[in-house]
**Q** 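Submitted below is the structure of interest, expressed as structure tokens.
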Amino acid sequence: MNWWTKALKSLVSPDPQDRLDLFRIFPSIRRFLAARHNYAYMRIASDLLFMLVLIFGIFGPRDPERNIVVFLSWGVIWPAIVLSWFFVGRMWCGVCPFPGLGVFLQNKGLTLNLPVPRFLQKYGVYTSVFLLALIIWTEVVVGLDRSPVGTAIFLLSITFGAFLLSVLFPGQAWCRHLCPLGRISGAAATLSITEFRPDHDKCRGCTTFACKKGAPGKRGCPVYLGAFNVQNNLHCLVCGHCLPACDRDSPQLLLRNPYSELIRNKGRYITCTYIVPFLIGSQLARFFRETNGYGHLQALLGLSDAVLFSVLLLLGFGVVLGVISYGSRLFGITEDPMVGRFAPMVPILIPLAFCGELVYRMYYFTGGLGDFLPTAGRQFGLQFLEKLQFTVPEFPVQILAAVFMLNGTIAGCYILWQYCLRDFSGLVGFRNFLGINLLIITLLIAYLVVIF
């Protein structure tokens, strides 16, 4: 069987045995990721782009129509990161510029190396979800995505959080426990077509745990995992530190069915349990805010934009949380003596949630793309660029948005079908099966109504 036939099978089959190790098929990928200087080059490029955004954001024009920082940050970089989730998981986190200053200080020995507090490990997920909610609220209500200096301050605030925790604790504690962008990236990475996993047969008998602790001249895992501990895509940064440290050639980069992890976990990831309902609720609120109905409702109720959007944000979160709770009950079982409580409705809605986020960012990208070069011309005095302004037609964007949302819905129905064939076989009756499908389709209709 040719490698491309195996690759196609691995993308279609939910069986873990059908995953394809890309390191084995393409050894050059492993060599590239294991060579730390390659990551250094990517990090330097990331740092330079980061510094460019900060400098132009703080010292450049305040008018977003005369400063490329806004579109560059919210229309190019962030949508590119969102799109990368579906292919390489959290690999962006491996070259993210936010922890750079803290890592530099740690390398110089300027850290207290305190043990990470238990409360941070236990309750960090709630804090990061709250921070994510704060970012989305600020982006929409305050107009963060239209403010160059606001964008720069936002990036600096995340950098400060990563810096502070690096001074207090070893490794990248901010990335592991508190980063809201890392948290949403981890939840989205459960949908990735690739996964970074150990070969446990090769790990057996290892006593050095170099992939976690490091080796002489080689840094260990920055988020305290190590390859042998990686069981899902939530926390692994795909940073490559474990590759040169491991002398057993255990780490693998596997091509897989993008829904296989969701089918296996059945809603046990607490990160996804809170991220998904908030993300869907916030997307419905954000899309609705762009419609004429939002203005009419605001005038009818006499509420400010900040208050009305906050109400819709909370309402959306509550409604989707209710949908998840009711849908999970239709499965007939939400607790297992081995794994504890789980919410099987959450993995079903994950594709819809992140397709919705992709569509939202796509609209921002297509809406500002035609004015990017003219904006650069106004900022740098290149008036001839003004003539290059254009408008992206709305119809093909709407068609693409509908395709994405339909794909997320079909993926959710597929995951439900796999549940009924496997773990919930005989537990979900036909009526409940139709009821869960109806909930999925109802959310799709809600999306289509507020989008179009």
Side-chain angles (χ1 to χ4, degrees), residues 33 39 42-43 46 49-50 73-74 76-100 102 124-136 139 154-155 157-159 161-162 165 171-197 221-225 230-241 253 256 258-259 261-262 265 269-280 282-283 346-347 349-362 364 408:
L33 296 179
Y39 266 96
M42 291 189 289
R43 184 177 289 278
S46 173
L49 186 58
F50 179 67
S73 301
W74 299 96
V76 177
I77 299 175
W78 184 237
I81 294 172
V82 172
L83 190 61
S84 75
W85 293 338
F86 298 91
F87 299 97
V88 291
R90 289 190 66 176
M91 186 174 285
W92 160 256
C93 294
V95 295
C96 173
F98 295 134
V125 59
Y126 306 106
T127 306
S128 57
V129 172
F130 171 77
L131 291 175
L132 178 63
L134 183 62
I135 289 171
I136 290 178
E139 176 192 352
F154 161 64
L155 297 177
S157 64
I158 295 182
T159 304
L165 265 67
Q172 295 172 205
W174 169 265
C175 304
R176 175 66 189 268
H177 301 294
L178 284 182
C179 182
L181 305 184
R183 192 69 70 175
I184 189 176
S185 297
T190 59
L191 268 175
S192 174
I193 63 173
T194 58
E195 61 181 19
F196 200 78
R197 295 290 188 273
C221 179
V223 289
Y224 331 127
L225 275 175
V230 178
Q231 299 178 9
N232 54 57
N233 278 12
L234 282 175
H235 303 298
C236 178
L237 308 184
V238 199
C239 64
H241 281 291
L253 183 64
R256 66 176 189 177
Y259 312 120
E261 185 170 335
L262 302 179
N265 77 63
Y269 302 159
I270 189 171
T271 295
C272 300
T273 301
Y274 289 96
I275 286 287
V276 169
F278 172 76
L279 203 55
I280 294 178
S282 75
Q283 287 162 4
V346 170
L349 295 184
I350 281 181
L352 197 63
F354 288 103
C355 284
E357 192 64 23
L358 182 62
V359 167
Y360 184 81
R361 300 302 166 183
M362 180 185 68
Y364 190 100

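The model shown is predicted, which means the values in this text are computed figures rather than measured ones.
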**Q** Check salt bridge (charged side-chain N to carboxylate O under 4.0 Å, His left out) between Arg197 and all other residues, then give those that pass, not counting sequence neighbours.
**A**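 Only Glu195, Glu261 meet the salt bridge (charged side-chain N to carboxylate O under 4.0 Å, His left out) criterion with Arg197.
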
**Q** For Ser282, which residues count as a side chain to side chain contact (heavy atoms under 4.5 Å, CB included) partner, sequence neighbours excluded?
**A**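 So Ser282 forms a side chain to side chain contact (heavy atoms under 4.5 Å, CB included) with Ile136, Phe278, Leu279, Arg286, Leu313.
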
**Q** Output the distance between atom CZ (Arg176) and atom SG (Cys221), rounded to the nearest 0.5 Å.
**A**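 If we round to the nearest 0.5 Å, Arg176:CZ and Cys221:SG are 8.0 Å apart.
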
**Q** Roughly how far, to the nearest 0.5 Å, is OG1 of Thr271 from CG of Asn232?
**A**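 Output value for this atom pair is 9.0 Å.
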
**Q** Please check this pair: side chain of Asn233 against backbone of Thr194, looking for a donor-acceptor N/O pair closer than 3.5 Å.
**A**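 A pair under 3.5 Å: yes.
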
**Q** Which heavy atom of Ser73 sits nearest to which heavy atom of Pro79, and what is that distance?
**A**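 Ser73 and Pro79 have their closest heavy atoms at O-CD, 4.5 Å.
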
**Q** Please check if the side chain of Arg90 supplies one atom and the backbone of Leu234 the other of a donor-acceptor pair under 3.5 Å.
**A**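 Between the backbone of Leu234 and the side chain of Arg90 there is a qualifying donor-acceptor contact (under 3.5 Å).
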
**Q** For Gln172, what residues pass the side-chain hydrogen bond (donor to acceptor under 3.5 Å, both in side chains) criterion, not counting sequence neighbours?
**A**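 side-chain hydrogen bond (donor to acceptor under 3.5 Å, both in side chains) check on Gln172 returns Arg219.
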
**Q** Taking the side chain as every heavy atom from C-beta outward, state whether Pro351 and Leu262 have any atom pair closer than 4.5 Å.
**A**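 Side-chain contact under 4.5 Å: yes.
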
**Q** Taking all atoms of both residues into account, what is the closest heavy-atom pair of Trp78 and Leu181, and its distance?
**A**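 Closest approach of Trp78 to Leu181: CH2-CD2, 4.1 Å.
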
**Q** For the CG atom of Leu33 and the CE atom of Met42, what is their distance to the nearest 0.5 Å?
**A**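 Between Leu33 CG and Met42 CE, I get 6.5 Å after rounding to 0.5 Å.
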
**Q** Using the ring of each side chain (for Trp, its six-membered ring), is Trp74 parallel, tilted or perpendicular to Phe154, with breaks at 30° and 60°?
**A**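 Parallel: the ring planes of Trp74 and Phe154 meet at under 30°.
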
**Q** Could you give the distance from NE2 (His241) to OH (Tyr39), rounded to the nearest 0.5 Å?
**A**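 So the gap between those two atoms works out to 8.5 Å.
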
**Q** Which heavy atom in Cys239 sits nearest to a heavy atom in Gly94, and how many Å separate them?
**A**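 Minimum heavy-atom contact is CB-CA, 4.1 Å.
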
**Q** Kindly indicate, with the supporting measurements, whether the criterion side chain to side chain contact (heavy atoms under 4.5 Å, CB included) is fulfilled by Leu358 and Phe86.
**A** CA-CA 10 Å; Leu358 182 62; Phe86 298 91; 4.2 Å; yes

**Q** Could you report the tightest heavy-atom contact between Arg256 and Thr190, atom names first, then the distance?
**A**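 Closest heavy-atom pair between Arg256 and Thr190: NH2-O, 3.1 Å.
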
**Q** Going from SG on Cys272 to CD1 on Ile270, what distance comes out if it is rounded to the nearest 0.5 angstrom?
**A**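 Reported to 0.5 Å precision, the distance equals 10.5 Å.
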
**Q** Walk me through it: do Thr127 and His177 pass the test side chain to side chain contact (heavy atoms under 4.5 Å, CB included)?
**A** CA-CA 9 Å; Thr127 306; His177 301 294; over 6 Å; no

**Q** With sequence neighbours left out, write down each residue that passes side chain to side chain contact (heavy atoms under 4.5 Å, CB included) with Leu134, or none if nothing qualifies.
**A**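 Only Thr138 meet the side chain to side chain contact (heavy atoms under 4.5 Å, CB included) criterion with Leu134.
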
**Q** Determine whether Leu49 and Ile77 make a side-chain contact, defined as any pair of heavy atoms from C-beta on separated by less than 4.5 Å.
**A**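 Yes, close enough: below the 4.5 Å cut-off.
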
**Q** State, with a plain yes or no, whether a side-chain heavy atom of Val82 is found less than 4.5 Å away from one of Met362.
**A**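 With C-beta onward as the side chain, the pair stays apart.
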
**Q** Under the side-chain hydrogen bond (donor to acceptor under 3.5 Å, both in side chains) rule, collect the residues that match up with Trp85, sequence neighbours excluded.
**A**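 Testing Trp85 for side-chain hydrogen bond (donor to acceptor under 3.5 Å, both in side chains), a comparison that skips the adjacent residues, returns Ser185.
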
**Q** Test your reading of the model: is there a side-chain donor-acceptor pair from Thr159 to the backbone of Phe98, 3.5 Å cut-off?
**A**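 Absent.
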
**Q** Please round to the nearest 0.5 Å and tell me the distance separating atom CG of Leu191 and atom SG of Cys355.
**A**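 So the CG of Leu191 and the SG of Cys355 are separated by 7.5 Å.
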
**Q** Sequence neighbours left out, what pairs pass salt bridge (Lys or Arg N to Asp or Glu O under 4.0 Å) with at least one residue falling in residues 177-186?
**A**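 For residues 177-186: none.
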
**Q** Write down the atom of Pro222, the atom of Leu237, and the distance for their closest heavy-atom approach.
**A**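 Here Pro222 and Leu237 meet closest at CG-CD1, 4.2 Å.
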
**Q** Where is the tightest heavy-atom contact between Ile193 and Pro258, given as atom of each residue plus distance?
**A**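 Closest approach of Ile193 to Pro258: CG2-CB, 4.0 Å.
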
**Q** Among Val359, Leu349, Ile184, find the residue that satisfies the side chain to side chain contact (heavy atoms under 4.5 Å, CB included) test when tested with Phe354.
**A**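 It is Ile184, the one option of Val359, Leu349, Ile184 that forms the side chain to side chain contact (heavy atoms under 4.5 Å, CB included) with Phe354.
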
**Q** Would the distance check show the side chain of Ser46 and the main-chain N or O of Cys96 forming a donor-acceptor pair, the cut-off being under 3.5 Å?
**A**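 No.
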
**Q** Evaluate the side-chain proximity of Tyr269 to Ile275: yes if any heavy-atom separation is below 4.5 Å, no if none is.
**A**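 They are not in side-chain contact.
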
